[in-house]
Amino acid sequence: MEEKENEKEININNFFLISSQVYSGFFKDLFKNCINKIIIKNEKDDDPCYIFINIIFDKNTANYFNIVHGGSIALLFENIIHMILFYLTKNIYNTKDINIIYKRQILLNIEYTLKIKIEKIKYKTLFIHCNLYKTNLINEETAEANIIIEKEIINKI
């Protein structure tokens with residue numbers, strides 16, 4: 001992909017290699033083959049940052065009816081944000097609150113886009129909004145989440 005001035009594509013292999021040094025291999029094993037592309041985009045310097053992730057869920061994330069399990073979606077929302085922030089900043093974050101609204105069934109073998117918007121940063125707290133939708137149908141949202149995370153402060157003794 002040709003990168004534009006205001007967007008950067010993350011190398012998936014490097015992303016999982018660096019992030020998995022801190023986070024569990026469980027997420028990597030579950031989602032590495034599902035995530036196709038991660039793009040970070042800034043519209044303007046003073047606008048919030050957007051992260052777009054293209055994903056095709058596989059059978060490991062689904063129930064017996066080939067519908068992606070809600071727990072897989074929650075795991076994706078929470079862990080991918082932590083891993084991206086670690087990849088970009090080398091800081092570890094803790095989830096303070098996560099609120100997910102499931103709007104439609106999420107099916108296997110269909111490409112979805114996870115749009116992550118860092119809405120506000122206040123001291124060490126980040127307020128994030130996520131939307132998951134079918135890639136070719138931006139108006140057909142399948143799930144959304146509001147997440148509050150906080151930078152971990154390590155006390156040195």
Side-chain angles (χ1 to χ4, degrees), residues 1-4 6-43 48-89 91-120 126-150 152:
M1 179 190 134
E2 184 179 307
E3 290 188 6
K4 298 177 184 172
N6 62 345
E7 63 183 50
K8 175 186 175 188
E9 186 171 343
I10 294 177
N11 180 300
I12 300 294
N13 292 323
N14 289 345
F15 171 74
F16 278 103
L17 177 67
I18 291 168
S19 298
S20 65
Q21 294 171 0
V22 175
Y23 295 100
S24 80
F26 176 75
F27 181 83
K28 175 184 171 187
D29 294 342
L30 189 61
F31 287 104
K32 184 173 185 200
N33 295 326
C34 297
I35 295 175
N36 299 324
K37 189 185 295 184
I38 302 174
I39 296 174
I40 299 172
K41 185 175 181 180
N42 287 355
E43 294 294 329
C49 174
Y50 292 91
I51 301 158
F52 296 90
I53 300 168
N54 289 28
I55 185 167
I56 299 174
F57 295 96
D58 68 17
K59 62 182 169 71
N60 295 324
T61 62
N63 62 22
Y64 294 112
F65 305 107
N66 292 326
I67 297 168
V68 178
H69 193 282
S72 295
I73 301 304
L75 184 68
L76 172 70
F77 281 169
E78 185 174 17
N79 281 308
I80 200 74
I81 289 168
H82 286 268
M83 291 173 71
I84 286 172
L85 289 172
F86 178 77
Y87 181 85
L88 296 172
T89 68
N91 292 314
I92 297 174
Y93 293 82
N94 296 314
T95 302
K96 302 273 295 183
D97 186 49
I98 184 167
N99 181 15
I100 301 172
I101 301 168
Y102 300 96
K103 298 182 175 184
R104 290 183 171 78
Q105 293 177 337
I106 299 163
L107 306 173
L108 299 182
N109 304 317
I110 294 174
E111 185 174 59
Y112 291 88
T113 298
L114 175 59
K115 179 182 175 184
I116 301 169
K117 177 182 177 186
I118 300 174
E119 293 187 323
K120 183 169 60 170
L126 283 77
F127 298 84
I128 299 168
H129 184 79
C130 303
N131 300 89
L132 184 67
Y133 55 87
K134 289 183 182 175
T135 299
N136 58 351
L137 297 170
I138 195 165
N139 60 345
E140 190 173 313
E141 190 176 50
T142 55
E144 72 174 296
N146 289 302
I147 303 169
I148 301 171
I149 63 171
E150 189 172 271
E152 184 176 293

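All values below were derived from every heavy atom in this structure, side-chain atoms included, with hydrogens, water molecules and symmetry-related copies excluded. It should be emphasised that the depicted structure is a prediction, and the values quoted were computed from it without experimental measurement. We're numbering straight along the sequence, starting at 1.
Distance check, rounded to the nearest 0.5 Å: NE2 of His129 to CG of Asn131 gives 3.5 Å. The distance from atom CD of Glu150 to atom CG of Asp97, rounded to the nearest 0.5 Å, is 12.0 Å. Rounding to the nearest 0.5 Å gives a distance of 11.0 Å between CG of Asn66 and CG of Asp58. Atom OG1 of Thr95 is separated from atom CD1 of Ile147 by 7.0 Å, given to the nearest 0.5 angstrom. Between Cys34 atom SG and Asn109 atom CG the span is 9.5 Å, to the nearest 0.5 Å. Between the CD1 atom in Ile101 and the CD atom in Glu144 there is a gap of 4.5 Å [rounded to 0.5 Å].
Taking 4.0 Å as the cut-off between side-chain N and carboxylate O, Glu9 and Lys37 do not count as a salt-bridged pair.
Across all their heavy atoms, Lys59 and Leu108 have their closest contact at CA-CD1, 3.9 Å. Ser72 approaches Thr61 most closely through the heavy-atom pair OG-O, 3.0 Å. Across all non-hydrogen atoms, the minimal contact from Asn36 to Glu111 is ND2-OE2, 3.7 Å. Taking all atoms of both residues into account, the shortest heavy-atom contact from Glu141 to Tyr133 is CA-CB, 3.9 Å. Of all non-hydrogen atoms in Ile53 and Ile80, the two that sit nearest each other are CD1-CG1, 3.4 Å.
By the neighbour-count criterion of 12 heavy atoms within 6.0 Å, atom NZ of Lys96 is sparsely surrounded, having that number or fewer from other residues, nucleotides or ligands.
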**OP:** Tell me, with the steps shown, if Thr142 and Ile73 meet side chain to side chain contact (heavy atoms under 4.5 Å, CB included).
**Re:** CA-CA 10 Å; Thr142 55; Ile73 301 304; over 6 Å; no

Subject >> Leu76 and Phe57: CA distance, side-chain angles, deciding distance, side chain to side chain contact (heavy atoms under 4.5 Å, CB included) verdict >> reply: CA-CA 11 Å; Leu76 172 70; Phe57 295 96; 3.9 Å; yes

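A 4.5 Å side-chain heavy-atom check between Cys130 and Ile128 finds at least one atom pair inside the cut-off. Leu114 is not listed as a side-chain neighbour of Ile51, based on a closest heavy-atom distance of 4.5 Å or more. Proximity of Ile81 to Leu126: side-chain heavy atoms (C-beta onward) are nowhere separated by under 4.5 Å.
Evaluation of the side chain to side chain donor-acceptor pair (under 3.5 Å) rule for Thr113 yields Thr135 as partners, not counting sequence neighbours. In this structure Leu107 satisfies the side-chain contact (heavy atoms from CB on, under 4.5 Å) test together with Ile67, Gln105, Ile110, Tyr112, sequence neighbours excluded.
Checked options Ile116, Ile100, Asn146; the residue passing with Phe77 is Ile100 (criterion: side-chain contact (heavy atoms from CB on, under 4.5 Å)).
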